[in-house]
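Here's the structure, in structure tokens; my notes come after.
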Amino acid sequence: MRRTVFNEDHEAFRETLRAFIEAEVVPVYDEWFAAGQAPREFYYKLGELGIFGINVPEEFGGAGMDSHKFEAVLYEETARAGVQFGGSGVHVLLALPYIKMLATDEQKKRYLPKFVTGEEMWAIAMTEPGTGSDLAGMKTTAKLSEDGTHYVLNGAKTFITGGVHADKVIVCARTSAPTAEDRRFGISLFAVDTKSEGYSVGRKLDKLGLRTSDTAELAFVDVKVPVEDLLGEENKGFHYLGHNLASERWGIAFGAYAQAKAAVRFAKQYVQERTVFGKPVAHFQNTKFELAACQAEVDAAEAVADRATEALDAGELTPAEAASAKLFCTEVAHRVIDRCLQLHGGYGYMNEYPIARLYADNRVNRIYGGTSEIMKTIIAKSMGL
């Protein structure tokens, strides 16, 4: 079936992006992989390309689009090439929606021009050691100073993607104690400058996958955050966090589908070139059947991902629908990538082959943004169960 989710503008962007990846990323990607992060200067190139400004209003230097379809093209093209753009995904997919939704006009004037150029890279810090998905149990605090000019931030965060290179971090912290009726009350969001005294980056975490994405531990010791950098209203942070979960889960779903599609491409190319017992692996019936089954699953995931994209752009993607898309696409990707690695034989276990990296990168899709078990809980609740 012909896809209808993309138009000529998206396809023109795809061509530009594919050429950029081939010229600027593929030749040096092994170096990034070995270093465990993309270099900071690479983000300036993404800014010059316009990646960071697609959904930023024109008055702040962006393109003024209001669509996630260009992000979808980005997911497909990076997966197709077997690369990633470091920790920059958090900058656009996670941080930008909070800035657009919560920042005042004055804050947007300060934040967004440098956001667009990559001069200031953003991350978001929610998870804490020992709390995991239980955000209501966070211990990081932000207490208003006696003169009311700033908050004093204390605490620690972990698993912060983009945390090494970040210039600004949206930090979730307790400004009030939870109430007996609502333990989620009392959380606020702050745009914290990483150059602030008392702010420190701990370990760059050694992850199984997503090796070029810098992920770190953060610590705050009496960090002064000006009241002008409070995002939204005090104590309403948990509500804000829930508001953007649908778009976050869409991103994970679409990214997983793109990875599954890429895996089939890698496997097809490999089995056509690899010869065993005197003929290409592609000539064996088992190979044909395995790839055919994988392609059928990718086709289904593509339909789900495209439908979710249209719903998100229309402002109609519900939490349950986002959870369903994430659950389905990530589970499909898990099965497809595993089977495509199997077709590579021993070479599929070697990091020099993109299928091996893809296998490791894909595993976290069923964990972050809400585990598959949480997705099932959300879906079941929407069914009245």
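Note that the coordinates shown come from a computational prediction; the quantities given were computed from them, not determined experimentally.
Using a 4.0 Å cut-off between charged nitrogen and carboxylate oxygen, Lys261 and Asp299 do not count as a salt-bridge pair. Between Asp105 and Arg110 there is no salt bridge, since none of the side-chain N atoms of the basic residue sits less than 4.0 Å from a carboxylate O of the acidic one. Taking a cutoff of 4.0 Å between a charged side-chain nitrogen and a carboxylate oxygen, Arg80 and Glu76 do not qualify as a salt bridge. We find that Glu310 and Lys69 are joined by a salt bridge, their nearest charged nitrogen and carboxylate oxygen being less than 4.0 Å apart. Here Asp167 pairs with Arg40 in a salt bridge; the nearest charged N to carboxylate O distance falls below 4.0 Å. Ion pairing of Lys45 with Glu24 is present here, as a side-chain N (NZ or NE/NH1/NH2) and a carboxylate O approach within less than 4.0 Å. The existence of a salt bridge linking Lys236 and Glu233 is confirmed by a sub-4.0 Å separation between a basic side-chain nitrogen and an acidic carboxylate oxygen. The existence of a salt bridge linking Lys157 and Glu217 is excluded, since no basic side-chain nitrogen approaches an acidic carboxylate oxygen closer than 4.0 Å.
Ring-centre distance between Phe190 and Tyr151: below the 6.0 Å cut-off.
Residues forming a salt bridge (charged side-chain N to carboxylate O under 4.0 Å, His left out) with Arg183 (at least two apart in sequence, or on another chain): Asp134. A search for side chain to side chain contact (heavy atoms under 4.5 Å, CB included) contacts involving Glu331 returns Leu327, His334, Arg335, Arg366, Ser372, not counting sequence neighbours. For the salt bridge (charged side-chain N to carboxylate O under 4.0 Å, His left out) test, no residue two or more places apart in sequence or in another chain qualifies with Glu321. With sequence neighbours left out, Glu273 forms a side chain to side chain contact (heavy atoms under 4.5 Å, CB included) with Gln269. Remark: Lys195 pairs with Asp193 by the side chain to side chain contact (heavy atoms under 4.5 Å, CB included) rule, at least two apart or across chains.
Checking Gln107 against Asp229 by side-chain atom types alone, no donor-acceptor pair falls below 3.5 Å. Side-chain polar atoms of Glu128 and Thr140 form a donor-acceptor pair below 3.5 angstrom. No hydrogens or angles considered: a donor-acceptor pair under 3.5 Å links the side chains of Asp222 and Asn154.
Between the Arg174 side chain and the Ser176 main chain, a donor and an acceptor come within less than 3.5 Å of each other. A donor-acceptor pair is defined here as one N or O able to donate and one able to accept, closer than 3.5 Å; no such pair exists between the side chain of Glu234 and the backbone of Thr175. A side-chain donor-acceptor contact under 3.5 Å links Thr287 to the backbone of Val281. A distance-only check finds no donor-acceptor pair linking the side chain of His150 to the backbone of Lys224 [under 3.5 Å]. Using a distance-only test at 3.5 Å, with no hydrogens or angles considered, no donor-acceptor pair links the side chain of Arg357 to the main chain of Tyr353. Here the side chain of Thr16 pairs a donor or acceptor atom with the backbone of Ala12 at under 3.5 angstrom. Judged by distance alone, the side chain of Thr78 and the main-chain N or O of Leu74 form a donor-acceptor pair under 3.5 Å. Under the 3.5 Å distance criterion, the side-chain polar atoms of His243 are left unmatched by any main-chain donor or acceptor of His239. No side-chain donor-acceptor contact under 3.5 Å links Asn235 to the backbone of Phe185.
Aromatic ring orientation, Phe6 versus His10: perpendicular (interplanar angle above 60°, classes split at 30° and 60°). Aromatic ring orientation, Phe42 versus Phe85: perpendicular (interplanar angle above 60°, classes split at 30° and 60°). Ring-plane geometry between Phe13 and Phe70 is classed as perpendicular, the angle between the planes exceeding 60 degrees on a 0 to 90 degree scale with a lower cut at 30.
Remark: Lys109 fails to qualify as a cation-pi partner of Phe60 under the 6.0 Å distance and 45° angle criteria applied to the six-membered ring.
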Practice task
Before giving the answer on side-chain contact (heavy atoms from CB on, under 4.5 Å), spell out for Val304 and Tyr257 the whole-Å C-alpha distance, their side-chain angles and the decisive distance to 0.1 Å.
Solution key: CA-CA 9 Å; Val304 171; Tyr257 140 70; over 6 Å; no
Handout entry: ring-ring contact (aromatic ring centres under 6.0 Å, His included) evaluation trace for Tyr111 with Trp122
Key = CA-CA 10 Å; Tyr111 300 154; Trp122 288 64; 5.0 Å; yes
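Residues Ser200 and Leu218 form no side-chain contact, since every pair of their non-hydrogen atoms from C-beta on lies 4.5 Å or further apart. Under the 4.5 Å side-chain criterion, counting only non-hydrogen atoms from C-beta, Ser88 is in contact with Phe52. The closest side-chain heavy-atom distance from Thr215 to Ile160 is not below 4.5 Å.
Other cluster members for Phe159: Leu205, joined by side-chain heavy-atom distances under 4.5 Å among Ile, Leu, Val, Met, Phe, Trp and Tyr.
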